[in-house]
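Let me begin by presenting the structure, written as structure tokens, before commenting on it.
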Amino acid sequence: CMFKNILTKLMAGAMGIMIMASAGSMVYASNYHDTSAVLSLDETVGIGEAYTNGRAKEDATSGYIKGVSSTGNLSYTAALVACDSNGGDNYFENFKLFYKTVRNGNSYYLTNYVKESGYNYAAIKTLSEHEVAYTIRFLWSPDSI
């Protein structure tokens with residue numbers, strides 16, 4: 001009888017550890033950690049758009065961007081697009097894009113169809129809103145919590 005009680009307690013403990021381990025791993029299911037980016041835009045020389053390098057897109061959640069700083073405190077437009085690989089620079093925009101105007105200090109969720117369109121990597125596409133040269137800095141992630 002004592003052996004049965006010890007075995008029951010060991011099994012209960014093992015089950016508890018397995019439940020905690022699986023719950024802990026679920027926290028990291030999405031690639032939502034921020035990456036810092038610095039891009040340059042200059043419509044006067046034909047650079048009206050710029051892209052980050054790609055990152056893994058793990059689920060169908062929205063992307064995320066937070067404006068950090070920009071020359072002259074200027075705004076810009078951003079959308080999440082598909083990319084060919086982690087760190088890649090071949091982009092795909094063959095689905096509806098949802099653009100947001102980004103202002104410094106503000107955060108935005110970026111609706112997208114990257115994962116639903118069969119892609120596993122995403123990048124931020126930015127568009128200039130001003131006819132001057134300026135540098136933009138932001139944080140971004142391909143997935144949100």
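Note: hydrogens, waters and symmetry copies are ignored here, and every other heavy atom, side chains too, is used.
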_One pair to check against side chain to side chain contact (heavy atoms under 4.5 Å, CB included): D89 and N53. What are the steps and the verdict?_
CA-CA 6 Å; D89 59 4; N53 287 333; 4.3 Å; yes
*Should we say atom OH of Y91 is surrounded by more than 12 heavy atoms from elsewhere, each under 6.0 Å from it?*
yes
*Transitively linked via ILVMFWY side-chain contacts under 4.5 Å: V68 with L127?*
no
*For the residue pair S62 and S144, confirm or rule out a side-chain donor-acceptor distance under 3.5 Å.*
yes
*Between Y64 and Y108, is there a shared hydrophobic cluster once you connect ILVMFWY residues whose side-chain heavy atoms come closer than 4.5 Å?*
no
_same_hphob_cluster(Y99, Y51) at 4.5 Å side-chain heavy-atom cutoff_ = yes
_Counting only heavy atoms not in E116 (residues, nucleotides, ligands), do more than 12 fall under 6.0 Å from its CD?_
yes
_Shortest non-hydrogen contact between K66 and G105, atoms and distance_ = CE-O, 4.0 Å
*Around atom NZ of K100, are there more than 12 heavy atoms of other residues, nucleotides or ligands at under 6.0 Å?*
no
_For the student: nearest non-hydrogen atoms of S128 and E43, plus distance_ = OG-OE2, 2.8 Å
*Under a 4.5 Å cut-off applied to non-hydrogen side-chain atoms, are T61 and Y32 in contact?*
no
*Does L39 share a hydrophobic cluster with L74, counting links as ILVMFWY side-chain heavy atoms below 4.5 Å and allowing steps through other members?*
yes
_Other residues, nucleotides, ligands: >12 heavy atoms within 6.0 Å of F98 CZ_ = yes
*Candidates I136, I47, T135, T126 - the one meeting side chain to side chain contact (heavy atoms under 4.5 Å, CB included) with S40*: T135
*asked:* Looking at every non-hydrogen atom in both residues, tell me the closest pair between S70 and N104 and how far apart they are.
replied: OG-ND2, 3.0 Å
*Aromatic ring pairing Y119/F92, orientation class (parallel under 30°, perpendicular over 60°, tilted between)*: parallel
*Stepwise, does the side chain to side chain contact (heavy atoms under 4.5 Å, CB included) test hold for V81 with V114?*
CA-CA 6 Å; V81 299; V114 172; 5.8 Å; no
*Specify the closest pair of heavy atoms between K115 and K57, including all atoms of both residues, with the distance to one decimal.*
NZ-O, 3.1 Å
*Do K96 and N112 have side-chain atoms, one donor and one acceptor, less than 3.5 Å apart?*
no
*What do the steps show when you test R55 against C83 for side chain to side chain contact (heavy atoms under 4.5 Å, CB included), and what is the final call?*
CA-CA 8 Å; R55 285 182 57 191; C83 190; over 6 Å; no
*Might you point out which heavy atoms bring A78 and I124 nearest each other, and give the distance in Å?*
CB-CG2, 4.2 Å
*asked:* Any heavy-atom pair between the side chains of Y121 and N90 that's under 4.5 Å?
replied: no
_Less than 4.5 Å apart, side chain to side chain, heavy atoms only: is that true for D42 and E131?_
no
*Rounded to the nearest 0.5 Å, what separation is found between the CZ atom of R137 and the OG1 atom of T71?*
7.0 Å
*Hydrophobic cluster identity match, Y109 and I65, side-chain contacts under 4.5 Å*: no
*What's the shortest heavy-atom distance between F95 and A82, and which atoms?*
CZ-N, 3.8 Å
*Mind checking the CH2-OG spacing from W140 to S36? Nearest 0.5 Å is all I need.*
11.5 Å
*Would you check if Y76 and L41 make a side-chain contact, meaning some heavy-atom pair closer than 4.5 Å?*
yes
*Output yes when a side-chain donor or acceptor of S85 lies under 3.5 Å from a complementary backbone atom of G87, and no otherwise.*
no
